[in-house]
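Since the structure comes first, as structure tokens, the remarks are kept for the end.
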Amino acid sequence: MQETFFTSKEAAEITGCTLRQLQYWRERGVIVPVISETGTGRSIYYSKSNLLELAAMSYWLSVGLSFDIASTTLKKLKDQEPDLFISGKGKRFMLLSDAQKRSLELVEFDRKKAIASLDAGKPVIPVWLDEIYQQLAVKLDK
């Protein structure tokens with residue numbers, strides 16, 4: 001079975017990113033596209049797993065995360081769950097405030113932990129890849 005690849009323009013349209021964002025993220029090494037063997041010259045192609053990464057970044061930025069937090073979250077997810085974006089199986093995580101480290105900690109979603117954190121006045125930022133994946137799947141089916 002042959003994998004499907006998407007041009008930069010197609011990837012931008014599907015994920016809601018701008019071409020400039022794709023270029024910036026590529027230059028920073030945040031999301032590096034797969035360059036298809038059938039591509040020539042400077043043609044750039046994204047895989048489905050790349051599209052999920054792009055959609056996640058786009059979503060996190062749209063809900064107010066800074067570029068640094070969004071890109072760090074993506075890197076942590078790829079380090080902790082290397083097959084997560086490739087498998088297409090969505091999973092739920094959350095970012096919790098870690099006062100001692102003065103940072104956000106990425107953990108698997110736990111409703112009780114999230115409520116306890118909110119009750120303590122600490123922010124909880126959902127990182128629900130299953131929702132992002134479902135929305136992306138709907139766009140790809142069109």
Side-chain angles (χ1 to χ4, degrees), residues 1-118 120 122-142:
M1 185 172 175
Q2 193 171 6
E3 186 173 358
T4 304
F5 294 99
F6 304 88
T7 65
S8 294
K9 186 176 180 179
E10 291 169 329
E13 288 172 2
I14 293 167
T15 61
C17 300
T18 66
L19 288 171
R20 179 63 185 116
Q21 283 177 313
L22 299 183
Q23 179 185 3
Y24 183 77
W25 298 342
R26 184 175 65 248
E27 289 171 353
R28 300 292 176 274
V30 176
I31 300 171
V32 180
V34 175
I35 300 175
S36 173
E37 293 176 359
T38 61
T40 57
R42 297 169 53 99
S43 296
I44 294 171
Y45 293 91
Y46 290 87
S47 65
K48 285 185 180 180
S49 62
N50 287 144
L51 294 184
L52 183 54
E53 294 173 26
L54 293 170
M57 278 291 290
S58 179
Y59 172 74
W60 296 329
L61 294 172
S62 75
V63 296
L65 290 184
S66 70
F67 172 78
D68 289 336
I69 292 173
S71 60
T72 300
T73 299
L74 183 63
K75 183 180 179 343
K76 284 181 183 179
L77 280 171
K78 289 179 355 182
D79 289 347
Q80 288 178 12
E81 304 274 341
D83 296 333
L84 185 64
F85 290 95
I86 296 167
S87 70
K89 292 181 181 172
K91 217 171 177 183
R92 291 186 174 197
F93 296 89
M94 60 186 175
L95 292 169
L96 296 176
S97 176
D98 186 337
Q100 294 172 342
K101 295 180 184 176
R102 302 184 111 214
S103 65
L104 292 172
E105 178 187 9
L106 179 70
V107 296
E108 197 159 339
F109 182 76
D110 178 319
R111 190 172 194 269
K112 289 180 183 179
K113 196 184 263 190
I115 291 170
S117 187
L118 289 170
K122 297 178 184 176
V124 175
I125 302 166
V127 180
W128 293 7
L129 293 177
D130 59 340
E131 294 290 328
I132 294 169
Y133 181 76
Q134 287 175 355
Q135 291 172 6
L136 183 61
V138 167
K139 290 179 182 179
L140 289 173
D141 287 341
K142 289 183 179 179

Main-chain N/O of I69 paired to T73 side chain as donor or acceptor, under 3.5 Å: yes

Out of curiosity, [X] [atom1] to [Y] [atom2], how far, rounded to the nearest 0.5 Å?
X	Y	atom1	atom2	result
D130	R92	CG	CZ	4.0 Å
K76	F93	NZ	CZ	12.5 Å
L129	L136	CG	CG	11.0 Å
L74	I31	CG	CD1	5.5 Å
L51	I132	CG	CD1	13.0 Å
I14	Y46	CD1	OH	12.0 Å

Closest heavy-atom contact between [X] and [Y]?
X	Y	result
E10	T7	OE1-N, 2.9 Å
Q21	G16	OE1-O, 4.5 Å
L54	C17	O-SG, 3.7 Å
A11	F6	N-CB, 4.3 Å
K78	V30	NZ-O, 3.3 Å
R26	S8	NH1-OG, 4.5 Å

Close side-chain approach of M94 and D110, heavy atoms under 4.5 Å: yes

Test log, rule side-chain contact (heavy atoms from CB on, under 4.5 Å), inputs L95 and V124: CA-CA 6 Å; L95 292 169; V124 175; over 6 Å; no

D79: side chain to side chain donor-acceptor pair (under 3.5 Å) partners, not counting sequence neighbours: K75

Greater than 12 external heavy atoms within 6.0 Å of R111's CZ: no

Carboxylate-amine/guanidinium contact K139 E13, below 4.0 Å: no

Would you list the atom pairs, donor with acceptor, under 3.5 Å between side chains in residues 57-64 and any protein atom, with sequence neighbours excluded?
from: S62; atom 1: OG; to: Y59; atom 2: O; distance (Å): 2.7

Flag for Q23-E27: side-chain donor and acceptor within less than 3.5 Å: yes

